[in-house]
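Below is one structure, written out as structure tokens, with a few remarks after it.
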Amino acid sequence: MIAEVIVDIPVKQTDKPFDYKIPESFLSLIQPGMRVVVPFGNRKRLGFVIRIKKESELTNLKEIDSMIDHEPVLTNELIELGGWLSKTALCLKITAYQAMLPAAMKASYKKYLRIVHPEELHERWPESLSFLNGYYNKEWGQILKKATEDELIIIQKALQEGWAVLEQAVGDQSTSKRIKSIGTELSKAELEKAYDQLDQRAKKQREALAYFINQDQRHFIPLARFLEETGVGRSSVKSLIDKGLLLEKDVEQFRDPYSHSDIKSTEPLPLTIEQQKVLEPIVRDIEEHQHQVYLCHGVTGSGKTEIYLQAIDKVIKKGKEAIVLVPEIALTPQMVHRFKGRFGSDVAVLHSGLSRGEKYDEWRKINRGEVSVVVGARSAVFASFKNLGIVIIDEEHETSYKQEESPRYHARDVAIFRGRYHSCPVVLGSATPSLESFARAQKGVYQLAPLYSRVNQQPLPEVTMVDMREELRSGNRSMFSKQLFSKLNDRLEKGEQSVLFLNRRGYATFVMCRDCGYVVQCPHCDISLTYHRRQGRLKCHYCGYEEMLPDHCPSCQSEYMRYFGTGTQKVEEALTQLLPEARVIRMDVDTTNKKGAHENLLKAFGDGKADILLGTQMIAKGLDFANVTLVGVLAADSMLHLPDFRASEKTFQLLTQVAGRAGRHRLKGEVVIQSYTPDHYAIVDAGNHDYQSFYQKEMLARRQRQYPPYFYLTLITVSHVDFTKVVDATEKIARYLKQRLSNEAIILGPVAPPIPRIKDRYRYQCMIKYRNEPNLINVLKECQNHFQDIHSKDALKVTIDINPYLLM
DNA sequence: AGCACGCCGACT
DNA sequence: GTCGGCGTGCTC
């Protein structure tokens with residue numbers, strides 16, 4: 001039998017299946033979807049078996065070297081999905097397959113020194129064996145570091161003459177945690193007999209044995225826990241092991257990141273009539289095995305999650321599985337608890353806060369069928385379930401569902417692929433659906449499922465707009481308007497909590513010379529550096545470059561360097577000055593990069609240990625604190641003027657999300673939105689909680705400017721250290737596209753992108769707008785093959801992003 | 001990716 | 001005359 005294998009070498013020349021003979025001994029074991037080690041050229045590589053067949057067109061096939069998995073890690077569906085991804089997202093097959101699996105399963109290649117004929121080698125160099133023994137089974141890199149020069153000469157000779165060989169070992173980075181445990185393989189009767197025969201003086205040993213007599217005999221208990229629980233000493237255990245009564249072994253331990261939190265179990269809540277209307281057709285599809293995409297448009301607090309939970313319950317009862325996608329920043333313990341509360345240990349959770357090993361363990365629970373629900377961020381859409389019954393994407397409009405590196409897939413598209421494959425419903429939920437999805441719902445491609453009233457009948461919070469231009473005119477130069485400031489004070493007196501939102505971290509966005517207007521920029525990225533007060537340094541938010549704050553203008557030597565723009569650090573500082581008694585928690589990338597910091601800060605705020613929560617994006621979602629009655633948006637227009645056709649949409653969504661954080665429970669909520677353009681429809685409509693109005697206006701703008709959902713986009717970015725090469729290649733690409741695509745396709749550029757240089761590489765872009773280009777993928781592929789010369793090391797990089805979300 | 005094969009300059 | 005530069009092509 002022959003296996004088709006996709007080899008782990010991420011270049012286009014090897015991006016095709018290679019045939020290998022399956023050795024006799026593996027014949028009954030090997031299945032498509034398993035990882036194997038294959039000889040490739042003169043070394044060994046990991047590969048994925050994607051197909052098994054009887055014959056090959058080639059002769060002289062090599063044999064598969066060994067198997068890595070005992071069970072397939074990819075189902076047939078996922079193998080197919082990988083092929084589809086590589087076609088539609090223009091990526092390599094191996095890249096697609098790797099994206100579906102946890103990072104711990106990526107191959108690791110290590111070289112080891114193996115001695116072929118130890119005796120003969122010893123005869124030849126008598127002094128060699130002692131040091132070679134020390135290096136036996138050591139990684140080659142380690143040997144090179146440790147060995148002396150004389151030793152290296154001998155090793156080299158031994159390698160040349162064939163006494164020793166370098167062997168490549170292929171494995172992955174998965175480490176299952178093993179814990180030293182004790183137990184017994186004897187029966188209860190045998191143990192009792194042994195107990196009676198034990199020396200009367202061996203009190204502790206008898207005690208230990210009694211422990212095992214009184215419990216399930218096949219159960220192994222971690223040694224450390226046993227010692228602690230029984231108070232028996234290590235030595236007593238050892239004598240029992242020596243007597244053959246107890247057995248020590250390393251038991252594989254599943255890391256359960258949520259084992260320490262106690263989660264209250266919850267019962268399904270009664271649904272409102274509106275909720276039932278939404279749930280009904282979804283349940284019908286589950287029962288009747290139908291694929292359909294639902295867009296659940298529900299205002300904040302309308303009970304979307306309860307609908308998800310009850311739909312999943314139906315899926316589980318049918319013996320099928322459910323995937324729930326949640327944006328990374330909304331994947332808070334609160335969110336996880338809602339699912340664990342309803343389905344208990346039937347839930348696996350996948351998010352970036354887990355360690356590599358923890359993610360791997362969660363993945364294995366899925367692959368072994370030990371859970372039937374997975375809650376996770378984008379990549380959880382690849383969960384290797386075999387009987388998928390529903391896929392739910394919460395906060396459907398979130399741009400983080402699009403992966404910004406190869407494979408550049410959108411989780412929504414993958415979800416729909418899987419929904420079709422399994423004939424099961426896909427539910428997209430959002431209070432502020434993306435224009436693309438809402439337009440599809442309007443056209444009837446998706447089923448619109450509206451939820452326009454709140455479950456608890458709480459009115460949406462009242463929104464106050466503040467025109468910051470007028471504040472400035474009336475002499476208020478601070479970042480807080482009079483209204484916001486007095487309301488903050490008011491909450492402080494009442495002991496209620498406030499949330500302040502500013503979408504910019506750091507202290508000041510840029511530092512400028514007042515005399516000559518020079519702005520300090522990153523020397524590698526052509527973007528202004530952000531001032532971080534605490535370290536007194538300037539940082540680049542794109543490449544991480546840092547430098548000291550200059551005390552003179554580098555251009556004109558003037559001493560008048562001033563900070564412009566406001567970041568969360570500066571707001572924090574202002575708060576401590578203006579409201580010294582207020583306790584403030586600041587949440588942004590800079591305060592939450594340590595593991596667990598995110599949860600701890602939120603918990604502290606939830607426990608009432610602070611009066612004001614100040615933060616960026618990450619506090620806009622999922623927070624649900626009963627005592628929060630005021631939400632302040634410091635600069636509503638900070639995103640509005642970004643060079644992105646989605647700027648209005650993002651502003652509307654963010655404002656609506658943030659406003660939804662106030663008054664979610666008994667206390668009434670209030671929102672203050674500060675802005676310099678309070679008449680912009682994105683801000684006005686967000687203030688009125690009016691999605692429909694915003695949708696109408698924004699669709700009009702999109703049609704006029706020929707953007708999605710009226711047109712599709714593809715963005716081609718070329719980068720290289722040499723600016724002229726970049727421009728030249730991009731121009732050629734643009735010309736080529738014009739020639740090959742239909743007349744209806746609009747090719748914009750080449751132009752320099754908003755950030756013309758990142759990490760010392762110049763960038764140039766070309767945008768394609770189109771409605772129907774059946775040949776597009778092929779043309780794009782030709783472009784990439786033609787211009788991205790893989791052979792030279794300083795090659796042009798051609799990045800093709802179909803349906804881009806990041807336009808820089 | 002990594003390695004072999006292959007065709008042109010400065011060296012024992 | 002050869003050693004070695006890295007351009008081209010192949011790996012089941």
Side-chain angles (χ1 to χ4, degrees), chain A residues 1-27 29-69 74 79 82-83 86 90-99 101 103 105-114 139-141 143-144 156 159-160 162 164-173 405-407 720-722 725 729 781-782 784-799:
Chain A
M1 295 296 266
I2 312 295
E4 285 188 2
V5 176
I6 300 292
V7 185
D8 176 30
I9 297 170
V11 294
K12 74 159 191 276
Q13 292 157 91
T14 53
D15 187 33
K16 57 169 187 177
F18 285 81
D19 288 354
Y20 286 90
K21 248 191 295 198
I22 302 175
E24 203 76 19
S25 53
F26 298 163
L27 258 179
L29 302 171
I30 276 195
Q31 295 170 54
M34 285 178 170
R35 294 174 302 161
V36 290
V37 177
V38 290
F40 196 76
N42 57 350
R43 67 227 134 99
K44 285 178 184 146
R45 286 261 133 179
L46 180 144
F48 288 89
V49 176
I50 57 160
R51 203 159 84 93
I52 290 174
K53 56 189 183 184
K54 287 223 168 66
E55 316 226 343
S56 173
E57 282 152 38
L58 289 113
T59 50
N60 282 333
L61 295 185
K62 290 186 182 173
E63 282 196 340
I64 288 176
D65 187 271
S66 58
M67 295 169 60
I68 296 181
D69 302 306
L74 298 172
I79 293 172
S86 71
L90 290 174
C91 72
L92 302 165
K93 289 178 189 70
I94 189 71
T95 315
Y97 291 131
Q98 263 157 5
L101 297 171
M105 291 170 73
K106 266 184 83 172
S108 85
Y109 301 97
K110 283 177 183 161
K111 275 187 194 160
Y112 292 92
L113 186 68
R114 196 167 66 85
E139 214 189 306
W140 179 237
I143 296 174
L144 286 181
Q156 235 160 47
L159 283 173
Q160 271 167 22
V165 286
L166 273 181
E167 226 161 51
Q168 199 174 32
V170 182
D172 57 28
Q173 291 141 41
E405 59 194 58
S406 188
H720 192 271
V721 279
D722 182 350
K725 270 192 186 172
K781 214 170 225 162
E782 283 163 23
Q784 199 164 41
N785 291 346
H786 195 83
F787 292 97
Q788 189 162 288
D789 178 18
I790 10 114
H791 282 302
S792 56
K793 195 167 182 306
D794 64 330
L796 281 166
K797 203 166 144 198
V798 181
T799 312

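Naming: A, B, ... by sequence-line order, numbering from 1 per chain. Keep in mind the model is a prediction, meaning the values are calculated, not measured.
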- Query: Across the strands shown, which category fits A:F40 at heavy-atom distances under 4.0 angstrom: base, sugar-phosphate, nothing?
  - Reply: base

- Would you mind telling me which of B:dC3, C:dC12, B:dA1 lies closest to the side-chain atoms of A:N42? B:dC3

- Take the protein atom CG of A:L46 and the nucleotide atom P of B:dA1, then report the distance between them rounded to whole Å. 17 Å

- Closest non-hydrogen atoms of A:A99 and A:P407, given as atom of the first, atom of the second and distance, are CB-CG, 3.6 Å

- Message: Taking atom types as they are modelled, would you say the side chain of A:R43 forms a donor-acceptor pair with the base of B:dA1 within the 3.5 Å cutoff?
- Response: yes

- Message: In this structure, how many angstroms lie between the P atom of C:dC12 and the CD1 atom of A:I2, rounded?
- Response: 14 Å

- Task: Using the ring of A:F18 (Phe, Tyr or Trp, six-membered ring only), decide whether A:K16 places NZ or CZ under 6.0 Å from its centre and within 45 degrees of its axis.
- Result: yes

- Nearest whole angstrom, please: distance from the P of C:dT11 to the CD1 of A:I9. 12 Å

- What integer distance in Å separates A:K12:NZ from C:dC10:C1'? 14 Å

- Message: Using whole Å, what does the distance between atom P of nucleotide C:dT11 and atom CG of A:L61 come to?
- Response: 12 Å

- Give the rounded distance in Å between these two atoms: CD of A:E4 and P of C:dC12. 15 Å

- Query: CD of A:Q13 versus C1' of C:dT8: gap in Å, rounded?
  - Reply: 10 Å

- Message: How many whole angstroms separate atom CE of A:M1 from atom P of C:dC12?
- Response: 21 Å

- Message: Is the shortest side-chain heavy-atom distance between A:Y97 and A:I50 below 4.5 Å?
- Response: yes

- Closest to the side chain of A:F18, out of B:dG2, B:dC3, C:dC12, is C:dC12

- Go through the steps for A:R35 and A:D8 under the test salt bridge (charged side-chain N to carboxylate O under 4.0 Å, His left out), then give the verdict. CA-CA 10 Å; A:R35 294 174 302 161; A:D8 176 30; over 6 Å; no

